[in-house]
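Here is the naming used below: chain letters follow the sequence lines, and residue numbers restart at 1 for every chain.
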2 protein chains.
Amino acid sequence: MHSSPTQPGPEPNYLLCMDCAGFNLRKTMRVVSQHYDDALRPTGIRGTQFSLLVAVKMAGPVTVTQLAEMAVMDRTTLTRNLNVLEKQGFVAIATGTDRRTRRVTITKEGLVTLRQAYPLWTQAQAHLIAKLGPERQQSLMENLSKLVEAALAR
Amino acid sequence: MHSSPTQPGPEPNYLLCMDCAGFNLRKTMRVVSQHYDDALRPTGIRGTQFSLLVAVKMAGPVTVTQLAEMAVMDRTTLTRNLNVLEKQGFVAIATGTDRRTRRVTITKEGLVTLRQAYPLWTQAQAHLIAKLGPERQQSLMENLSKLVEAALAR
DNA sequence: GACTCATACGTGTATATACTCATTTCACCA
DNA sequence: TGGTGAAATGAGTATATACACGTATGAGTC
């Protein structure tokens, strides 16, 4: 007697899926992202855009591919996100010397908004760390880092 | 002498923003989600859909709002995600006795796909845990839980 | 210089996410 | 019974994400 190929073995224990790293990461990301978005709302930018503006400012003039590698972000995702910031006037996207590349820089308006957003971000960050405790903050960052490493390893 | 109101004080140290919990969570979520998506690709569903199917199966017939509260997910986001699963034939959405509500259930096709996906999920999960170590897995879950708690606290 | 290949990038399409606002239905009360 | 407010939901709009595919440009070779 064989069991059906489409229903092999006993019913799985789906309760185990509550420990799924992806599910829990997404859940946490949603709540935490909203926390930062709420804090940054007076400035008109979101947490994602804040992080991206910081990255563009730090990396100076930079190509899309370079920025994507830094942020461990899909290149095409980054393109769309940059387009939003460009439309808002916070970054400038010009053609590079190598005309295949795009040269991304932060604008003066971007700098003003970034400076306005910074204290709000600091406050939101401090709120979380205070509730979390510094040692948990430390281990969280380590865990996330290890997780990225593990998921990228093939 | 006052400093300009649009440029108050010295240049912020944007290097601190690399420790942003939101930024690091999003980054990790992207990579980890792709890990699960890759594993589940043979089944045609993604990690998000897998988690949602599990939730619908576990919660039995359930309303949209109930499911949203369980998953700590925006209600309207859940509606769109459920519509995708309905279009694929994996969940059924019927009007409840209280005709304001929707009664969401998993279909037979949904169960078949879920059972097919389960071993692939297990493998992807085990891969991550193996690279992470059981004690890091434990502390990661605790940290994420605390983080949700902290971000929800107002 | 022409051919070939690799590199950098954008577009089409689809899912995931959430805010705002409108609609339907129910419960309750005068 | 009619009115009022609350509850459950959907729709419009916008951003975030990524895969598959196509295009433009540069580099190297003959």
Side-chain angles (χ1 to χ4, degrees), chain A residues 22-23 25-38 40-41 44-53 55 62-69 71-88 90-91 93-104 151, chain B residues 22-23 25-38 40-41 44-53 55 62-69 71-88 90-91 93-104 151:
Chain A
F23 171 65
L25 267 174
R26 275 195 306 276
K27 182 169 73 175
T28 309
M29 184 273 293
R30 286 194 297 265
V31 175
V32 170
S33 282
Q34 285 182 64
H35 172 74
Y36 286 98
D37 288 350
D38 286 346
L40 292 176
R41 195 147 290 147
I45 63 171
R46 300 189 174 188
T48 328
Q49 302 175 325
F50 176 80
S51 298
L52 193 46
L53 274 183
V62 66
T63 71
V64 177
T65 299
Q66 284 171 354
L67 204 53
E69 282 170 358
V72 194
M73 187 181 296
D74 184 88
R75 184 184 53 76
T76 68
T77 298
L78 183 57
T79 295
R80 319 276 173 148
N81 294 358
L82 285 174
N83 286 342
V84 173
L85 287 177
E86 187 190 31
K87 187 165 53 179
Q88 293 170 330
F90 295 150
V91 303
I93 307 176
T95 301
T97 314
D98 179 341
R99 283 165 51 195
R100 291 172 299 182
T101 67
R102 298 291 178 269
R103 177 188 154 97
V104 183
Chain B
F23 171 66
L25 269 174
R26 276 195 306 276
K27 182 169 72 177
T28 309
M29 184 273 293
R30 286 193 297 266
V31 175
V32 170
S33 282
Q34 285 182 65
H35 172 72
Y36 286 98
D37 287 350
D38 286 345
L40 292 175
R41 193 148 292 148
I45 64 171
R46 299 190 176 188
T48 327
Q49 303 176 324
F50 176 79
S51 299
L52 193 46
L53 273 183
V62 67
T63 70
V64 176
T65 300
Q66 284 170 354
L67 203 53
E69 283 171 357
V72 194
M73 187 181 297
D74 184 88
R75 184 185 54 76
T76 67
T77 299
L78 183 57
T79 295
R80 318 278 172 148
N81 293 359
L82 285 174
N83 285 343
V84 174
L85 287 177
E86 188 191 29
K87 188 165 53 178
Q88 293 170 329
F90 295 150
V91 302
I93 307 177
T95 301
T97 315
D98 180 341
R99 282 165 52 197
R100 289 172 301 182
T101 66
R102 296 293 179 268
R103 177 189 153 97
V104 184

Worksheet item: Hey, does B:Arg103 reach any base, or is it just sugar-phosphate, or nothing, if we go heavy atoms under 4.0 Å?
Response: nothing
Item to complete: Classify the nucleic acid contact of B:Thr101 as base, sugar-phosphate or nothing, counting any heavy atom under 4.0 Å across all strands shown.
Response: sugar-phosphate
Worksheet item: Is any N or O donor-acceptor pair between the side chain of A:Thr65 and the base of C:dC9 shorter than 3.5 Å?
Response: no
Item to complete: Name the nucleic acid region contacted by B:Thr76, choosing base, sugar-phosphate or nothing; use a 4.0 angstrom heavy-atom cut-off, strictly under.
Response: base
Discussion item. Among B:Leu82, B:Thr63, B:Leu85, which residue satisfies the side-chain contact (heavy atoms from CB on, under 4.5 Å) criterion with B:Val104?
Written reply: B:Leu82
Worksheet entry | Distance-only donor-acceptor test, A:Arg80 side-chain atoms vs C:dG10 base atoms, 3.5 Å | no
Response to the item:
Which of D:dA18, C:dT7, D:dT9 is nearest the side chain of A:Arg100? It is C:dT7
Worksheet item: Looking across every strand, which nucleic acid part, if any, lies under 4.0 Å from A:Thr48 by heavy atom: base, sugar-phosphate, or nothing?
Response: sugar-phosphate
Worksheet entry | Interatomic distance, B:Met73 CE vs C:dT15 C1' [rounded to whole Å] | 13 Å
Item to complete: Looking only at side-chain atoms of B:Asn81, point me to the closest of D:dT25, C:dA16, D:dA16.
Response: C:dA16
Worksheet entry | Minimum-distance nucleotide (side-chain atoms of A:Asp74 versus D:dT15, D:dC19, C:dA16) | D:dC19
Worksheet item: In terms of side-chain heavy atoms of B:Arg30, which of D:dA18, C:dT15, C:dC9 is nearest?
Response: D:dA18
Discussion item. Side chain of B:Val64, heavy atoms from C-beta onward: which of C:dC26, D:dT9, C:dC19 has the nearest atom to it?
Written reply: D:dT9
Practice prompt. State, without any angle test, whether A:Ser51 and B:Arg26 hold a side-chain donor-acceptor pair at a distance under 3.5 Å.
Written response: yes
Worksheet item: Touch check for B:Thr63, heavy atoms < 4.0 angstrom, all strands: base, sugar-phosphate only, or nothing?
Response: sugar-phosphate
Discussion item. Under 4.0 Å, counting only non-hydrogen atoms across every strand here, what does A:Arg26 touch: a base, just sugar-phosphate, or nothing?
Written reply: sugar-phosphate
Item to complete: Report the nucleotide, chosen from D:dT15, D:dA18, D:dT25, that has the shortest atom-to-atom distance to any side-chain atom of A:Arg46.
Response: D:dT15
